[in-house]
Amino acid sequence: MTDESDLPPDDLPEEELTAPPTEQEIQADKARAALARVLASDEFVSSPRLADFLRFVVEATLGGRADAIKGYTIAVEALGRPTSFDPQTDPIVRVEATRLRRALERYYTSAGPDETLEIVIPKGVYVPRFVPRGNGDTAGQPGAPDGEALPYQIPPGPPPVAARTRGRLAWVAAAVIAAGALVWGTVQLTDTNRAGPIASLLGLEGANSASEIADRMGMPQLEVRPFEVSGTNGFSAGEVHAFEVRLRDAMARFDFVDVMSSGEDGSARQCRGNPPRSVFSLTGLAEAHEGGTFSLLVRLTDRCGGTIIWSTAFEDLRRGADFPASEHRVVRDIASAVMQSYGVLPTRARAQARADAPGSGFGCIAQSFAVIRNEDGTTAEQARTCLDQWVTRDSGFGTLHAVKAMLMLDEAQRASDRPLDPALLDQMEREAELATDLSPNSAYAAKVLASVEFFRGERDAAFAAGDRALALNPLDYDVAATVGTIMIGLGKPEQGEAVLTFARNHGAARTALQDAYLGIAAFMREDEIAATGLLPTLQAHPSAQSRIALALTLHVLGRPEEERDVVARLARDTPGGAAGVSRLVHHLLPVPDSFARIMGALEAAGLPQLADASRG
């Protein structure tokens with residue numbers, strides 16, 4: 001109990017109740033003021049990556065976390081690299097540290113006498129030092145010879161709230177956090193066919209249950225069967241049952257497949273139904289070993305064909321405290337291989353639908369995917385006609401509206417020879433909004449809405465829809481890859497590159513368009529290393545988008561003759577000429593400042609300038 005005599009008297013003046021700032025706090029304030037002046041300079045304003053690097057190491061030092069300033073933490077927390085970053089193979093931190101040192105040297109070379117404190121990043125380390133300059137009152141500090149850096153020893157504590165207001169890794173963090181909170185816990189999913197306000201206005205709510213519509217459309221089925229256990233060592237079926245539960249919950253988050261509840265048996269009769277449906281089952285066998293480890297064999301079977309179409313083995317899985325990590329590894333790897341848009345199950349189901357039930361609802365979806373991916377045998381007109389018929393018949397199924405919006409978006413993105421029809425854009429947006437309203441838990445629908453809003457240049461709406469798509473299914477790395485390209489296109493090259501690279505490293509299908517966006521990001525960041533790595537890939541793709549990115553990477557690498565040659569071929573081969581190129585650039589980067597920057601570089605390399613203000 002506190003003695004009342006220890007408390008200050010009630011009539012003590014307020015200013016005497018407030019302790020004066022310590023010398024360390026004064027020095028920390030001066031260091032933050034020096035940081036603010038550096039970050040406000042033209043060089044750092046135009047180079048967000050250097051600004052983020054410097055801000056991170058200074059605030060970590062002033063916050064008492066100098067021991068956390070390592071190559072890995074700088075890469076992940078400041079430079080937007082994925083958590084899988086390997087400093088031994090990726091030199092990004094060393095390269096940026098060299099650029100940062102040079103930028104600081106240039107700043108202080110031209111700094112006036114009022115700049116009394118210099119921020120220095122010594123060679124060989126990343127922890128900053130704060131060096132007195134000129135006649136500043138920080139000179140002659142105890143223990144620091146004249147001109148030598150004296151690191152401030154600030155007690156550990158959080159930096160000011162204003163120190164880091166940016167959300168560099170918000171998108172990656174959203175995926176990671178959601179993976180922990182949504183996938184590994186017990187999840188109660190709401191009915192994906194529950195109608196929202198738009199559907200209510202159209203009178204579509206409660207038309208049918210999701211399972212009834214899935215039956216009618218011929219959506220593929222998946223059952224996750226109970227896993228078997230082999231071996232002893234106290235390994236129980238209850239432990240293995242956790243994998244079954246987690247897998248079922250994770251699979252249910254993916255679109256275009258009807259995941260059955262526990263105990264529900266997938267019937268092979270569906271293979272011969274009207275319409276016929278693909279039916280798959282996922283089974284597993286766990287075998288316990290000495291030392292608290294176990295292995296797991298997993299198989300995916302096509303029940304209609306009676307064949308095993310995919311299998312994999314996991315070794316050295318751990319029990320006890322490491323069991324959650326084993327769960328995470330298994331569920332992530334299986335979902336990536338089996339359920340991604342190019343995964344084993346969707347690819348096989350779409351092929352079967354196109355062959356056996358092309359007129360079914362899922363057959364129309366399969367046709368649309370074939371058009372979007374330039375697969376032979378289906379025209380855009382055929383896919384649109386099929387979708388329109390099913391949307392008229394089952395207008396309450398959100399997935400159909402999402403696919404229709406995506407097909408319309410694909411058509412709009414390809415149109416470089418003519419201006420876009422505003423009516424088409426409005427219809428596309430309505431379809432995408434209706435899809436998310438009818439299927440509020442669909443990551444695919446949210447991704448389509450993000451793509452449509454991005455294409456229309458609606459920055460905030462695109463970010464919000466992309467964020468929701470990541471949260472709805474953190475294991476759908478194809479969704480994450482799309483969100484990454486959207487971020488690059490909206491003027492967030494570092495964040496977008498981080499999300500896109502993270503997604504590709506974890507199983508997302510790699511596309512030429514993604515490579516084009518990575519090339520654009522390298523240009524926007526003036527990253528010669530990234531541009532060098534992308535050059536062969538971009539040279540191998542003949543598309544106009546790839547050529548745009550190729551010209552930009554050549555610009556970064558200082559190869560003007562090759563850049564001019566690429567731009568000349570681009571203007572010659574693109575429908576609509578320079579105006580067509582301008583439209584394609586606008587499709588890639590609908591934000592005005594990013595668009596203007598890219599067009600300026602292309603025009604400087606020989607692309608004819610357009611007379612009108614809209615530039616195509």
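Every heavy atom of this structure was used, including side-chain atoms; hydrogens, water molecules and symmetry mates were not.
Under a 3.5 Å cut-off, the side chain of Gln340 and the backbone N or O of Leu475 do form a donor-acceptor pair. Under the 3.5 Å distance criterion, the side-chain polar atoms of Gln514 are matched with a main-chain donor or acceptor of Ala509. Although no hydrogens or angles enter the test, the distance criterion places no donor-acceptor pair under 3.5 Å between the side chain of Ser594 and the main chain of Pro590. With hydrogens and angles disregarded, a donor-acceptor distance shorter than 3.5 Å links the side chain of Asp478 to the backbone of Ser341. Side chain of Arg133 to main chain of Glu115: a donor-acceptor pair is present (N/O by atom type, distance under 3.5 Å, no hydrogens or angles). No side-chain donor-acceptor contact under 3.5 Å links Arg525 to the backbone of Glu494. Checking side-chain atoms of Ser546 against main-chain N and O of Pro542 turns up no donor-acceptor pair under 3.5 Å. With Ser41 contributing its side chain and Arg37 its backbone, the two residues share no donor-acceptor pair below 3.5 Å. Listed for the Ser451 side chain is a donor-acceptor partner under 3.5 Å among the backbone atoms of Lys447.
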Does the pair Gln495 and Val499 meet the rule for a side-chain contact (heavy atoms from CB on, under 4.5 Å), with working shown? CA-CA 6 Å; Gln495 297 93 321; Val499 175; 5.6 Å; no

May I have the step-by-step check of side-chain hydrogen bond (donor to acceptor under 3.5 Å, both in side chains) for Asp515 and Thr537, ending in yes or no? CA-CA 7 Å; Asp515 292 326; Thr537 301; 5.1 Å; no

Between Leu607 and Val581, is a side-chain contact (heavy atoms from CB on, under 4.5 Å) present by the stated rule, with each step listed? CA-CA 9 Å; Leu607 183 72; Val581 174; 3.8 Å; yes

Assess the residue pair Tyr72 and Glu77 against the criterion (side-chain contact (heavy atoms from CB on, under 4.5 Å)); give the C-alpha distance rounded to whole Å, side-chain angles, the decisive distance to 0.1 Å, and a yes or no. CA-CA 8 Å; Tyr72 177 83; Glu77 296 188 39; over 6 Å; no

Taking it one step at a time, do Leu104 and Val120 satisfy side-chain contact (heavy atoms from CB on, under 4.5 Å)? CA-CA 7 Å; Leu104 287 171; Val120 178; over 6 Å; no

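Scanning for ring-ring contact (aromatic ring centres under 6.0 Å, His included) contacts around Phe455 gives His587, with sequence neighbours left out. Under the rule for a side-chain hydrogen bond (donor to acceptor under 3.5 Å, both in side chains), Asp67 has no partner lying at least two apart in sequence or in another chain. Among residues two or more places apart in sequence or in another chain, the ring-ring contact (aromatic ring centres under 6.0 Å, His included) test is passed with Phe454 by none.
Looking at Ile520, Thr485, Ile488 one by one, the single match for side chain to side chain contact (heavy atoms under 4.5 Å, CB included) with Leu588 turns out to be Ile520.
Between the CD1 atom in Ile119 and the CZ atom in Arg129 there is a gap of 14.0 Å [rounded to 0.5 Å]. The CZ atom of Arg318 sits 6.0 Å away from atom OG1 of Thr293, with the distance rounded to the nearest 0.5 Å. Taken from CG in Asp527 to OG1 in Thr553, the straight-line distance is 11.5 Å, to the nearest 0.5 Å. With rounding to the nearest 0.5 Å, the separation of CE in Met524 from CD in Glu526 is 11.0 Å. Interatomic distance, NE2 of His555 versus CG of Leu550, reported as 13.5 Å (0.5 Å rounding). For the atom pair CD1 of Ile334 and CZ of Arg329, the computed distance is 10.5 Å after rounding to the nearest 0.5 Å.
Using the six-membered ring where Trp is involved, His506 and Tyr477 have ring planes that are tilted, between 30° and 60° apart.
A heavy-atom distance below 4.5 Å is not found between the side chains of Asp467 and Val483. Side-chain contact between Val452 and Arg456: present, with at least one pair of heavy atoms (C-beta onward) separated by less than 4.5 Å. The shortest side-chain heavy-atom distance between Leu317 and Val330 falls under the 4.5 Å cut-off. Ser543 is not listed as a side-chain neighbour of Leu513, based on a closest heavy-atom distance of 4.5 Å or more. Taking the side chain as every heavy atom from C-beta outward, Leu535 and Arg559 approach each other to under 4.5 Å. Between Phe53 and Val93 the shortest side-chain heavy-atom distance falls below 4.5 Å. Contact annotation: the side chain of Glu96 never approaches that of Leu100 to less than 4.5 Å [non-hydrogen atoms, C-beta and beyond]. The shortest side-chain heavy-atom distance between Leu35 and Phe130 does not fall under the 4.5 Å cut-off.
Contact record, Leu117 with Ala31: CD2-CA, 3.8 Å, taken as the closest heavy-atom pair. What you find for Thr83 and Phe502 is that their closest heavy atoms are OG1-CE1, 3.9 Å. Residues Val57 and Thr61 approach most closely at O-OG1, 2.8 Å, considering heavy atoms. Shown here for Ala432 and Val448, the closest heavy-atom pair between the two residues is CB-CG1, 4.4 Å. Closest of all the heavy-atom pairs between Thr73 and Ala68 is OG1-O, 2.6 Å. Residues Glu105 and Thr109 approach most closely at O-OG1, 2.6 Å, considering heavy atoms.
For residues 96-118, there are no ring pair (Phe, Tyr, Trp, His ring centres under 6.0 Å) pairs, not counting sequence neighbours. Pairs passing the salt bridge (charged side-chain N to carboxylate O under 4.0 Å, His left out) check and including a residue from residues 479-491, sequence neighbours excluded, do not occur.
Other residues, nucleotides and ligands contribute more than 12 heavy atoms inside 6.0 Å of the CZ atom of Arg106.
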Which atom pairs, donor and acceptor, lie under 3.5 Å between side-chain atoms of residues 564-573 and protein residues at least two apart or in another chain?
| residue | atom | partner | partner atom | Å |
| --- | --- | --- | --- | --- |
| Asp565 | OD2 | Arg569 | NE | 3.3 |
| Asp573 | OD2 | Arg547 | NH1 | 2.7 |

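Using a 4.0 Å cut-off between charged nitrogen and carboxylate oxygen, Arg81 and Glu497 count as a salt-bridge pair.
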